[in-house]
Engineer: 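Encoded as structure tokens, here's the structure I'll be asking about.
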Amino acid sequence: GAPEPIRSALIEGASWWNQAFEAAGYKNAFQVKVFPEGADPMDVRYNLIQWVHRSTRGWSYGGSVSDPRTGEIIKGHVSLGSLRVRQDFLIAQGLIAPYEKGEPVSDEMEQMALARLRQLSAHEVGHTLGIAHNFAASTNDRASVMDYPHPYISLKTDGSLDFSKAYDDKIGAWDKRTVIYGYQDFPEETDESKVLNDIIDESIKMGLRYISDSDARPQGGSHPYAHLWDNGSDAVEELNRMMEVRKVALANFSEKAIPLNTPMSSLEEVLVPLYLSHRYQVEGVVKLIGGLDYSYAMRGDGQTVTKIISADMQRKALDALLATLEPEVLAITETILQLIPPKTFGYDRGRESFKVRTRGFDPIAAAESSANHSLQLLLNPARVTRLIEHHARDQSMPSLATVIEDLLNTTWKAQHKNSYHTEIGRAINLLVLHHLMHLAVDENASAQANAIAFFKINELEKWLENKKNSADKDQVAHYLLAQFKIKQFKDDPQEMLLSKPLDLPAGSPIGQEWKCGGIH
């Protein structure tokens, strides 16, 4: 049911696994062909990649039918949805702005989407082979198709954007090792246990990492290498690089990002993935703060069991994360704002639109939702509790108190160059206060994390009291509201915590948490 050129892309991507099986000694043994005419897709004799037409966002699936007595995989079944690459197409659309009047549309968007489909096909077929996610592979030079890839877009020397390495075009080194371990046949006299252990030892010596699902999640996660939708061996360096690409891309954003005779209000949905292109790399960087390097170590295999991330690396990560809160970074330019009107009649706001507090496009709300993403990750109860523990064990490690102080210096205590940036800063300031108040009473955090957050709220309250005589009445109003919120919080914390900041628009395929293996 897959139309061209999608069908060829799916066949090509799934066929990458032949590279892994040839590495294990099987010549042209893994083949992918178009389903026979008239065959039943439920026939257990056929492995199947199923293309499902849909108008809603949804995950892709790769699963197997196995013999419960032996575990033998009898049939592999992959389901891919036709809206699956929408985010990739929108990213390319915003970056390329290809709709020149009277000119043919560039095929770069299509090529990037097809490259993503090749990788997706390989990924889901990997699950049918019994292979789990490897979310550390992106830090190993894209060592596995079983990671979640983010398009790698770079800047050329002339300042233009390069899409040539957006996605990988082959099976990874880790995938080959997995097939060699899981599928290779051995002569009868072989000590199979020893040979399999040797394969693992050799993979470790190659520097290949393996970390799977729960350890890669950003909410409270601590692993420095295992992230979703990230790139690069150094999360901080990659975030800084991405922010430069984002800056150039936003400066070039124009009405040419949508076709002629399309409502101008539709520009918002193209802007969203571009404006938030750093969101997943932020999730990687924040895990370095209070981070812990570890592996699925076995006794005697020589792998790192546990190691606290160095203080220097944690501080670099904190600096990079705090930069994503700066109004100068989050402010959408006047040039873009003049292009996006309220929604055209018949075109409603959806899950891919920014949440707003106005009836039209709301740039301050967009900045707020992005900042909220960084803040809720930074002040996650598991993360702040780990900061306290690591600092107690090694005083050179950043403490929770210094992290919060740096946060307050970047937000509440910073000065901005114009009133627009100042207004964005006020929205971010109140978010910071909101998250500190949450932390002060969060039962999932340690009692000392609660105490430090409460102490910092008290310090901020005193600082605000000294600022009430400012000549800027708008700023005085901002300070008075913060004081009022702190008083409310102290009088009745639970009542104060009923308010909820704005969430991000959906970004991954359907924008919800992972539920079980083999679903993306």
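Just the heavy atoms: all of them, side chains too, but no hydrogens, waters or symmetry mates, feed the values below. It should be emphasised that the depicted structure is a prediction, and the values quoted were computed from it without experimental measurement.
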Engineer: Does V236 have any side-chain contact (heavy atoms from CB on, under 4.5 Å) partners at least two apart in sequence or in another chain, and if so, which?
Structural biologist: D234, N240, V285, L288, M313, K316, A317, A320
Engineer: If the threshold is 4.0 Å, N to carboxylate O, is there a salt bridge linking R217 and D213?
Structural biologist: yes
Engineer: Please collect all ring pair (Phe, Tyr, Trp, His ring centres under 6.0 Å) contacts where either partner lies in residues 384-413, sequence neighbours excluded, each pair once.
Structural biologist: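 Output for this query lists W412-H478.
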Engineer: Could you list all the ring pair (Phe, Tyr, Trp, His ring centres under 6.0 Å) pairs where at least one residue sits in residues 455-477, not counting sequence neighbours?
Structural biologist: W463-Y479
Engineer: Is the closest basic N to carboxylate O distance between R393 and E389 below 4.0 Å?
Structural biologist: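 Counted as a salt bridge, because a side-chain N and a carboxylate O are separated by less than 4.0 Å.
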Engineer: Check this for me: M298, atom CE, are more than 12 non-hydrogen atoms of other residues, nucleotides or ligands nearer than 6.0 Å?
Structural biologist: no
Engineer: Will you find, in the side chains of D312 and S310, an N or O donor that is under 3.5 Å from an N or O acceptor?
Structural biologist: no
Engineer: With a cut-off of 3.5 Å and sequence neighbours excluded, list every side-chain donor-acceptor pair involving residues 398-407.
Structural biologist:
{"from": "S399", "atom 1": "OG", "to": "T402", "atom 2": "N", "distance (Å)": "3.1"}
{"from": "S399", "atom 1": "OG", "to": "T402", "atom 2": "OG1", "distance (Å)": "3.2"}
{"from": "T402", "atom 1": "OG1", "to": "S399", "atom 2": "N", "distance (Å)": "3.2"}
{"from": "T402", "atom 1": "OG1", "to": "S399", "atom 2": "O", "distance (Å)": "2.8"}
{"from": "E405", "atom 1": "OE1", "to": "K456", "atom 2": "NZ", "distance (Å)": "2.9"}
{"from": "E405", "atom 1": "OE2", "to": "K413", "atom 2": "NZ", "distance (Å)": "3.2"}

Engineer: Decide yes or no on ring-ring contact (aromatic ring centres under 6.0 Å, His included) for H123 and Y148, but give the supporting numbers first.
Structural biologist: CA-CA 9 Å; H123 181 109; Y148 285 2; 5.8 Å; yes
Engineer: Once rounded to the nearest 0.5 Å, what's the spacing between atom OG1 of T324 and atom CE of M243?
Structural biologist: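 Those atoms lie 6.5 Å apart.
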Engineer: Is Y347 atom OH crowded by more than 12 heavy atoms from other residues, nucleotides or ligands, each under 6.0 Å away?
Structural biologist: no
Engineer: Check residues 335-343 and write down every donor-acceptor pair under 3.5 Å in which the side-chain atom is one partner and the other belongs to a residue at least two apart or another chain.
Structural biologist:
{"from": "K343", "atom 1": "NZ", "to": "S265", "atom 2": "O", "distance (Å)": "3.1"}
{"from": "K343", "atom 1": "NZ", "to": "E269", "atom 2": "OE1", "distance (Å)": "2.6"}
{"from": "K343", "atom 1": "NZ", "to": "E269", "atom 2": "OE2", "distance (Å)": "3.0"}

Engineer: Is the number of heavy atoms from other residues, nucleotides or ligands within 6.0 Å of CD (Q395) greater than 12?
Structural biologist: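 Yes.
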Engineer: Can you tell me if S138 and D147 form a side-chain donor-acceptor pair at under 3.5 Å?
Structural biologist: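 On atom types as modelled, these side chains qualify, holding a pair under 3.5 Å.
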Engineer: Taking CD in Q488 as the centre, count heavy atoms belonging to other residues, nucleotides or ligands within less than 6.0 Å. Is the count above 12?
Structural biologist: yes
Engineer: Please determine whether a side-chain nitrogen of the Lys or Arg among R241 and E238 lies less than 4.0 Å from a carboxylate oxygen of the Asp or Glu.
Structural biologist: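 E238 and R241: salt-bridged.
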Engineer: Sequence neighbours excluded, which residues qualify as salt bridge (charged side-chain N to carboxylate O under 4.0 Å, His left out) partners of K256?
Structural biologist: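 Counting only residues at least two positions away or on another chain, K256 forms a salt bridge (charged side-chain N to carboxylate O under 4.0 Å, His left out) with E100.
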Engineer: Does atom CG (D472) have a neighbourhood of more than 12 heavy atoms from anything else shown, all under 6.0 Å?
Structural biologist: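 Result for CG/D472: enclosed.
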Engineer: Determine whether Q281 and H227 make a side-chain contact, defined as any pair of heavy atoms from C-beta on separated by less than 4.5 Å.
Structural biologist: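 A side-chain contact under 4.5 Å is absent here.
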Engineer: Using a strict cut-off of less than 4.0 Å between a Lys/Arg side-chain nitrogen and an Asp/Glu carboxylate oxygen, indicate whether K355 and E368 qualify as a salt bridge.
Structural biologist: no
Engineer: Can you find a pair of side-chain heavy atoms, one from R383 and one from K287, that are under 4.5 Å apart?
Structural biologist: yes
